[in-house]
Amino acid sequence: MKQRDLNANELEDLQQSLLKWFKEHQRKLPWRENYEPYQVWISEIMLQQTQVKTMLPFYRRWMEALPGIREVAEADEELLIKLWEGLGYYRRVRNIRKTAEMICNEYGGQFPEQVAELLKLPGIGRYTAGAIASIAFNQPAPILDGNVTRVLCRVRKIEDPPQLGDVGKELWRLAEAWIPKEEARNFNQALMELGATVCLPSSPNCLLCPIRQHCLAFELGKVEAIPASKPGKVPRQRYRACAVIRCNKKLLFSKRLENSLLEGLWEFPSVESDTKKKLKGTLEEHLERNYGIKVTLGKEIHQLEHRYTNFKTRVGFYPVTLEVPGKKSNETTSWVEIPKIEDLALPRPYRRFIEWYLEQFRN
DNA sequence: CAGCCGTGGAC
DNA sequence: TGTCCAAGGCT
């Protein structure tokens with residue numbers, strides 16, 4: 001059931017109330033100091049499916065190492081991935097690199113200001129293009145993310161699941177129609193800021209909300225029920241066995257393939273399966289076939305759970321010490337001296353294991 | 001369009 | 001311990 005739209009006076013009041021609230025209550029964030037397009041861009045990529053609190057340390061470290069887009073275009077890919085270590089969704093950092101090269105080579109180092117141009121850049125979709133156009137250049141381009149979706153659904157009492165195609169179209173329409181033409185930067189940020197700090201998914205602070213007098217969900221006591229949540233999928237269980245191979249104070253690492261989970265990061269030589277059955281034997285075969293290493297693995301020394309979008313993987317670690325290394329290292333396998341391991345970009349759970357492991361045999 | 005891509009935090 | 005979700009994009 002669709003509500004009538006806000007009339008001009010109601011919309012005007014909502015806009016002014018929200019802008020006033022944002023002016024007073026916005027968080028101090030680094031890219032808000034001067035809204036440099038480069039900084040806005042990096043912040044928006046980091047913020048994809050990631051909360052401010054989580055990305056802030058990564059953002060600061062990134063800007064210290066790479067203060068401008070030229071530095072990104074000329075940087076070593078290994079450095080970029082290392083700076084991204086722990087943030088997840090590693091495809092994002094590869095796309096940052098590609099976009100930096102495109103802007104330096106095809107746009108003279110200047111960020112395009114039009115949504116249509118921004119959309120041509122890898123890693124920049126409808127949301128991010130609108131965010132850069134509005135936040136960096138104050139253009140009246142709409143944005144629709146999880147926060148804005150929640151705020152709009154509640155204010156307008158949209159009870160159908162927002163992922164439905166027609167609902168999405170309506171939300172984009174509202175997101176555009178509500179923007180005060182001269183205040184796009186502050187208004188778009190205000191919508192998101194409200195969603196992130198007040199209009200929370202559960203237990204929202206409605207009494208602190210500057211636009212609750214316009215909110216139909218609040219008026220009708222349906223705030224907790226809107227937006228409708230989609231039925232979650234049960235993550236599948238998988239098992240992985242990792243070989244921790246030590247030789248002359250070095251450990252053997254393998255680089256993960258592109259276009260795969262955790263692409264471009266390093267890990268231990270390992271095998272994965274739907275069942276735990278014969279996993280250790282499979283790993284031994286794997287080591288002989290792909291690394292020229294014929295060994296009998298020791299007892300499992302550690303176990304952890306690696307959870308990601310669709311899977312929960314039980315990871316076991318099997319140690320072995322070699323007198324001589326097997327096959328020579330190549331681009332995807334490398335013997336790494338123990339102190340140099342911190343230079344590798346590793347998935348978080350493996351980084352944590354190594355810290356634990358090295359601590360063990362210091363004793 | 002449904003599935004894929006990470007991780008930490010809140011509850 | 002389990003579940004959900006977060007400033008999405010891409011295939």
Side-chain angles (χ1 to χ4, degrees), chain A residues 26-27 29-32 39-59 81 84-96 98-99 118-136 141-151 161-166 168 172 175 185 188-197 199-204 224 227-237 256-265 267 304-313 345-352:
Chain A
Q26 66 174 290
R27 294 167 289 183
L29 297 172
W31 55 92
R32 285 178 176 168
Q39 297 187 2
V40 172
W41 167 50
I42 297 297
S43 75
E44 286 302 335
I45 303 299
M46 284 187 174
L47 284 165
Q48 288 169 3
Q49 301 292 277
T50 308
Q51 303 194 148
V52 168
K53 186 180 176 185
T54 300
M55 61 75 85
L56 218 37
F58 293 86
Y59 177 88
I81 296 181
W84 209 265
E85 180 190 62
L87 257 183
Y89 290 127
Y90 297 93
R91 184 74 54 87
R92 294 184 292 179
V93 73
R94 299 173 162 275
N95 284 333
I96 282 178
K98 290 179 196 158
T99 289
L118 290 164
L119 281 172
K120 294 178 183 172
L121 300 168
I124 298 182
R126 194 172 176 184
Y127 162 77
T128 306
I132 295 174
S134 62
I135 298 174
I143 55 166
L144 184 67
D145 67 341
N147 287 320
V148 177
T149 295
R150 188 168 55 255
V151 172
Q163 60 270 35
L164 291 180
D166 290 343
W172 275 104
R185 165 185 292 154
N188 279 352
Q189 289 192 98
L191 276 179
M192 288 192 289
E193 192 88 348
L194 188 73
T197 63
C199 194
L200 302 170
S202 67
S203 306
E224 289 284 358
S229 58
K230 54 185 170 187
K233 277 149 286 187
V234 184
R236 286 200 289 156
Q237 181 75 248
R256 296 189 62 97
L257 274 40
E258 281 189 40
N259 301 315
S260 71
L261 179 70
L262 305 166
E263 55 180 339
L265 278 69
E267 66 169 356
L304 58 79
E305 185 175 84
H306 188 187
R307 171 177 54 88
Y308 45 96
T309 320
N310 303 310
F311 295 99
K312 292 166 77 169
T313 303
L346 294 165
R348 259 304 203 262
Y350 298 96
R351 171 67 67 197
R352 277 196 287 264

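Note on naming: letters A, B, ... go to the chains in the order of the sequence lines (proteins, then strands), and numbering restarts at 1 for each one. Only heavy atoms go into these numbers, but all of them, side chains included; no hydrogens, no water, no symmetry mates.
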Whole-Å distance between C:dG9 P and A:Lys98 NZ? 15 Å
May I ask you to check whether A:Trp31 and A:Tyr59 place their ring centres under 6.0 Å from each other? yes
Contact class for A:Val148 (heavy atom, under 4.0 Å): base, sugar-phosphate, or nothing? nothing
Nearest-angstrom distance from the residue atom CZ of A:Arg126 to P of C:dT11: 18 Å
One character per nucleotide, please: for nucleotides 4-10 of chain B, 5' to 3', B when the base has a protein heavy atom closer than 4.0 Å, S when only the sugar-phosphate does, - otherwise. SBBBBBS
Taking atom P in both C:dG9 and B:dG8, what distance in whole Å separates the two? 22 Å
Whole angstrom value for the distance that separates C1' of C:dG8 from CH2 of A:Trp172: 10 Å
Using whole Å, report how far CD of A:Gln163 lies from P of B:dG3. 13 Å
Within the structure shown, what part of the strands sits under 4.0 Å from A:Arg94 by heavy-atom distance: base, sugar-phosphate, or nothing? nothing
Salt-bridge contact A:Glu193-A:Arg32 (side-chain N to carboxylate O under 4.0 Å): yes
Hey, does A:Ile135 reach any base, or is it just sugar-phosphate, or nothing, if we go heavy atoms under 4.0 Å? nothing
Got a sec, which residues hit salt bridge (Lys or Arg N to Asp or Glu O under 4.0 Å) with A:Glu263, two or more places apart in sequence or on another chain? A:Arg91, A:Arg94
Within the structure shown, what part of the strands sits under 4.0 Å from A:Arg27 by heavy-atom distance: base, sugar-phosphate, or nothing? base
Rounded to the Å, how far apart are A:Asp145 CG and C:dG9 P? 10 Å
For C:dA6, take OP1 and OP2 only and decide whether either is under 4.0 Å from a side-chain N or O of A:Arg150. yes
Run the side chain to side chain donor-acceptor pair (under 3.5 Å) test against A:Tyr350 and tell me which residues pass, sequence neighbours left out. none
Which residue lies toward the 5' end of DNA chain C, A:Lys312 or A:Leu119, if each is placed at its nearest nucleotide? A:Lys312
Nearest-angstrom distance from the residue atom CG of A:Leu47 to C1' of C:dG8: 11 Å
Can you tell me how far C1' in B:dC1 sits from the matching atom in C:dG8, rounded to whole Å? 15 Å
Output all residues satisfying side chain to side chain donor-acceptor pair (under 3.5 Å) with A:Arg348, sequence neighbours left out; order by chain, then residue number. none
Over all strands shown, is A:Ser43 touching base, sugar-phosphate only, or nothing at heavy-atom distances under 4.0 angstrom? nothing
Who pairs with A:Arg352 by side chain to side chain donor-acceptor pair (under 3.5 Å), at least two apart in sequence or on another chain? none
Who are the side chain to side chain donor-acceptor pair (under 3.5 Å) partners of A:Arg126, not counting sequence neighbours? none
d(CG, A:Leu164; P, B:dC1) in whole Å: 10 Å
